[in-house]
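Read the structure below first, then the notes.
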2 protein chains.
Amino acid sequence: METYQQESRLYKALMHPVRLAILDLLREGEACVCHMEALLGFRQAYISQQLMVLREAGLLEMRRERLNIYYRVIRPEIFAVMDAMRKVTGVQPARPTKVNACTCPNCAADSEPRLIRL
Amino acid sequence: METYQQESRLYKALMHPVRLAILDLLREGEACVCHMEALLGFRQAYISQQLMVLREAGLLEMRRERLNIYYRVIRPEIFAVMDAMRKVTGVQPARPTKVNACTCPNCAADSEPRLIRL
DNA sequence: ATAATATATTCAAGAAATTGAATACAGGTG
DNA sequence: CACCTGTATTCAATTTCTTGAATATATTAT
């Protein structure tokens, strides 16, 4: 039963809609918190809380670069789990449409036009 | 986010060690409650409670045959999820050793010798 | 040194999950 | 019908999760 305990901890991490959305976001590589904030439309503190849960589950790692902190998935095998679950429900989640603008250096390089900040 | 809500309900069902053990048990086909009780070593009411959660999540269905109630997985795709998760943890759960004897007709046909009941 | 920015952490109230105990119920047997 | 057997359901106490609010921290800019 100890093995199941270990698995159940991971399922617990996936048990939350916002955390699933975050993981999907990170499929394409690392992202900073402001990016997730912009894409998902939740308050910064809330996103950080969910990131902490995923980190404590051993799924994410963070890296600081100047003011921004970038998160990335350190167990890509988790995506196979998510893909398999998607076959159970049969529904593919829609790509998130950017709710707010993100001002991090990475996003600044993005395609969409934005105001120059001084 | 509604799609994630639906997925998260399923992850919630998998979030529990005993429920994972039950699902593993049902990989080989249907089983009656007394069987699970014997294999897992939990009280009957407790097993039934967990079965109810899995049923409400839409993963199981039950069938009555005389006094016994047989459960079976109606979404075998869930096993792919569990297999994928097992690759994340890297640990294979041990086959459960029968803790108690089971007296249901199916188990009576099993290999182990048992007393004849009148 | 002060302030601003990006993010993390702590706290608390409410909601949901866990689990033991008690009980209900349906089908079979005498 | 009364009783037994296998299983489901209800209840309540406890623990855990959720989430908003407030606050702390690290880095950079002035």
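Checking A:Gln50, A:Lys12, A:Gln49 one by one against A:Arg19, the side chain to side chain contact (heavy atoms under 4.5 Å, CB included) holds for a single residue, A:Gln50.
Regarding contacts with the backbone of D:dA29, a side-chain N or O of A:Arg66 is found under 4.0 angstrom from either OP1 or OP2. Within the structure, every side-chain polar atom (N or O) of A:Arg64 is placed at least 4.0 Å from both OP1 and OP2 of C:dT7.
At a cut-off of 3.5 angstrom, the base of D:dT10 holds at least one donor-acceptor pair with the side chain of B:Gln49.
Rounding to whole angstrom units, CZ of residue B:Arg63 and C1' of C:dA26 are separated by 16 Å. In this structure, CE of A:Met62 is placed 11 Å from C1' of D:dT25, rounded to the nearest angstrom. Between the CD1 atom of B:Ile69 and the P atom of C:dG27 there is a distance of 9 Å, rounded to whole Å. If you take CD of A:Gln44 and P of D:dT23, they are 15 Å apart, rounded to a whole angstrom.
Within the nucleic acid shown, A:Tyr71 comes within 4.0 Å of sugar-phosphate atoms alone, with no base atom in reach, counting heavy atoms only. As judged by a 4.0 angstrom heavy-atom cut-off over every strand, B:Met36 is placed among residues making no nucleic acid contact.
One finds no salt bridge joining B:Arg63 and B:Glu61 here, because no Lys/Arg side-chain nitrogen approaches an Asp/Glu carboxylate oxygen to under 4.0 Å.
Listed by residue number, B:Lys12, B:Met15, B:His16, B:Arg19 are the residues of residues 4-22 of chain B with a heavy-atom contact under 4.0 Å to DNA chain C.
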